[in-house]
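Remember, it's 1-based here, ligands and their atoms both numbered in the order they're listed. Computed from heavy atoms alone, side chains included, the values below leave out hydrogens, waters and symmetry copies.
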Amino acid sequence: MRRLQLFEFNEAVWLPATLRALITDYLVCLTRMTGAFELRLRLLAQALRHSSQPQRIIDLCSGSGGPWHHLADRLDRRTPEPIEIVLTDLYPETAEHQQCPPGVSLHDQPLDATDSEARLAGLQTLFNAFHQFPPPQAKAVLARAVAQGEPIAIMELLQRRWQMLPLIILTPLMVLLLTPWIRPFRWWRLALTYLLPLAPLLITWDSLVSWLRCYRPEELLELSGQIDASQFHWEAGSYWYRGAPVTYLVGYPINECDPADAAGAPAAPTANR
Ligand SMILES: C[S@@+](CC[C@H](N)C(=O)[O-])C[C@H]1O[C@@H](n2cnc3c(N)ncnc32)[C@H](O)[C@@H]1O
């Protein structure tokens, strides 16, 4: 399956915040229900340890907070000190719409994830967002983390494989079923789902395009391989968890003085589960 760079509604500058929230709030609900990213918490904790600020995570393209609503507490239990997570986005959420769990805060100014000048100290994370960027921009995001010597973790609730097609076809039904559980509760969400079905339309289109744009593990490693990152360890893979597909890439700087790093594994895609 060839990667196709098409348009998604959630990244359109003209999309009203209410309609963008329909998409990003749904993603929060979906990631919480599948819990699919939890399977790589160990890897996130490991990457965090290799940061210049091992208690700090800068989440890029955060939307409504993605998995951090349920993942923050779980990751926190794996780290020696309490962690601090900063949510950022090109179109940041307002504090009125988005209630953050403890340890998570909103950066209220627009932050472009592809801005090569942005200084981001801490583990840089992108959930369900890296697929948006065409290869030159995607490479620039990785290159910035490498240049700053900071770890980076990319995770998508996607796999660019034909096996995912049934999930894409079922998306409108999933939206209709999950909407009552999406938080925060809003009457307009119910109206825009069951009366005027804008939410199913926008979410289905964005899911379809995300699927077609998602990088495969070998493509993610190829992108990281094009950067001068000899002091970085890269790990990419894909797996299924409770019926949900995941693709990921994690990279962190290797400290040769650390015996665990000196033993270092070679960068290679992990096998599909
Ligand atoms: C599909 S949503 C993912 C949201 C969240 N990470 C999640 O997992 O639910 C993609 C987000 O990326 C944001 N975005 C798009 N282009 C961006 C850019 N260049 N820099 C930062 N954020 C961007 C959009 O506003 C949107 O909130």
Side-chain angles (χ1 to χ4, degrees), residues 5-38 40 44 57-72 75 85-94 97-98 100-101 104 106-118 120 123-142 144-145 152-158 168 171 174-175 178 182-184 199 202-215 244-249:
Q5 188 72 38
L6 302 173
F7 150 88
E8 272 181 68
F9 285 104
N10 76 77
E11 62 198 37
V13 65
W14 47 262
L15 193 75
T18 306
L19 297 189
R20 195 184 327 278
L22 283 176
I23 302 168
T24 54
D25 291 350
Y26 170 78
L27 274 172
V28 172
C29 181
L30 193 66
T31 47
R32 189 184 62 233
M33 284 204 149
T34 64
F37 296 136
E38 287 166 34
R40 288 295 178 275
L44 286 181
I57 295 172
I58 311 287
D59 188 58
L60 302 164
C61 307
S62 300
S64 301
W68 288 120
H69 292 270
H70 70 282
L71 223 53
L75 184 59
I85 299 163
V86 184
L87 304 179
T88 72
D89 201 284
L90 190 56
Y91 314 109
E93 282 279 1
T94 58
H97 178 75
Q98 195 56 50
C100 292
V104 181
L106 280 178
H107 181 69
D108 59 6
Q109 296 302 311
L111 195 145
D112 186 343
T114 62
D115 178 0
S116 56
E117 300 298 314
L120 307 170
L123 165 64
Q124 302 172 15
T125 54
L126 290 99
F127 289 94
N128 301 318
F130 194 71
H131 64 265
Q132 298 178 134
F133 304 125
Q137 284 187 339
K139 207 168 90 180
V141 171
L142 299 179
R144 180 189 52 212
I152 183 161
I154 286 150
M155 302 201 121
E156 307 261 9
L157 204 57
L158 293 167
I168 301 295
T171 302
M174 293 280 289
V175 177
L178 290 184
I182 298 179
R183 296 292 175 267
L202 294 177
I203 294 169
T204 303
W205 175 261
D206 275 14
S207 302
L208 171 69
V209 172
S210 301
W211 173 52
L212 297 172
R213 296 206 291 189
C214 176
Y215 291 96
V246 173
T247 301
Y248 67 91
L249 170 75

key: Heteroatom proximity flag, Pro67 to ligand 1, N/O under 3.5 Å   = no
key: Best match, Asp89, Asp115, Asp206, Asp25: closest heavy atom to atom 27 (O) of ligand 1   = Asp89
request  = Quick one: pull up CG in Asp89 and CG in Asp59 and give me the separation to the nearest 0.5 Å.
outcome  = 9.0 Å
ask   = In terms of atom number and element, which parts of ligand 1 are under 4.0 angstrom from non-hydrogen atoms of Phe127?
value = 3 (C), 5 (C), 6 (N), 7 (C), 8 (O)
Protein heavy-atom partner closest to atom 20 (N) of ligand 1 - residue, atom, separation in Å = Ala113 N, 2.8 Å
task = Quick one: closest heavy-atom pair of Leu90 and Pro110, and the distance?
result = O-CB, 3.2 Å
Polar proximity ligand 1 side, Leu90 side, N/O cut 3.5 Å exclusive = yes
query = Quick one: nearest non-hydrogen protein atom to atom 8 (O) of ligand 1, plus distance?
reply = Asn128 ND2, 2.9 Å
remark   = Counting from 1 in the order shown, the ligand 1 atoms closer than 4.0 Å to a non-hydrogen atom of Ser62 are 4 (C), 5 (C), 6 (N)
inquiry  = How far is atom 10 (C) of ligand 1 from the closest protein heavy atom, and which atom is that?
reply    = Asn10 OD1, 3.3 Å
message = Please list, in number order, the atoms of ligand 1 under 4.0 Å from a heavy atom of Tyr91.
response = 25 (O)
task = Enumerate the atoms of ligand 1 whose separation from the nearest heavy atom of Thr24 is less than 4.0 angstrom.
result = 27 (O)
inquiry  = Which residue and atom name correspond to the protein heavy atom nearest atom 7 (C) of ligand 1, and how close is it?
reply    = Gly66 CA, 3.4 Å
key: Proximal ligand 1 atoms for Asp112, defined as those under 4.0 Å from one of its heavy atoms   = 18 (C), 19 (N), 20 (N)
ask   = Of the backbone atoms (N, CA, C, O) and the side-chain heavy atoms from C-beta on, which set of Glu8 has a member under 4.0 Å from an atom of ligand 1: side chain, backbone, both, or neither?
value = neither
message = Is the ring pair Trp205/Phe9 parallel, tilted or perpendicular, if the boundaries are 30 and 60 degrees?
response = perpendicular
query = Quick one: does ligand 1 sit under 4.0 Å from the side chain of Ser64, the backbone, both or neither, non-hydrogen atoms only?
reply = neither
ask   = Taking N or O atoms only and a 3.5 Å limit, does Thr114 qualify as a polar contact for ligand 1?
value = no
request  = Give a yes-or-no answer on whether the side chains of Thr204 and Thr171 include a donor-acceptor pair shorter than 3.5 Å.
outcome  = no
task = Just go through Glu11, Gln132, His69 and tell me whose heavy atom is the nearest to atom 14 (N) of ligand 1.
result = Gln132
ask   = Pick from Asp112, Thr125, Leu111: which one makes a side-chain contact (heavy atoms from CB on, under 4.5 Å) with Leu60?
value = Leu111
Ser64 and Glu93 side chains, donor-acceptor separation under 3.5 Å = yes
request  = Please step through side chain to side chain contact (heavy atoms under 4.5 Å, CB included) for the pair Thr247 and Phe130, ending with a clear verdict.
outcome  = CA-CA 11 Å; Thr247 301; Phe130 194 71; over 6 Å; no
Side-chain heavy-atom pair Leu87, His107 within 4.5 angstrom cut-off = no
query = ring pair (Phe, Tyr, Trp, His ring centres under 6.0 Å) between Trp68 and Phe127: does it pass, once the steps are laid out?
reply = CA-CA 10 Å; Trp68 288 120; Phe127 289 94; 5.5 Å; yes
pair Arg144-Leu120: side-chain heavy atoms closer than 4.5 Å = yes
Atoms of ligand 1, numbered as shown, that sit under 4.0 Å from any heavy atom of Arg20 = 25 (O)
key: Among Thr88, Leu157, Leu111, Leu60, closest by any non-hydrogen atom to atom 21 (C) of ligand 1   = Leu111
Per-atom contacts, ligand 1 versus Phe133 - under 4.0 Å to a heavy atom = 19 (N)
request  = Considering the heavy atoms of Gly63, write down every atom of ligand 1 situated less than 4.0 Å from one of them.
outcome  = 4 (C), 27 (O)
ask   = Mind checking whether Cys61 has an N or O less than 3.5 Å away from an N or O of ligand 1?
value = yes
query = Heavy-atom distance under 4.5 Å between the side chains of Thr34 and Val246, does that happen here?
reply = no
ask   = Is Arg213 salt-bridged to Glu11, cutoff N-O under 4.0 Å?
value = yes
ask   = Taking side chain as C-beta onward, heavy atoms only, is Glu8 less than 4.5 Å from Ser210?
value = yes
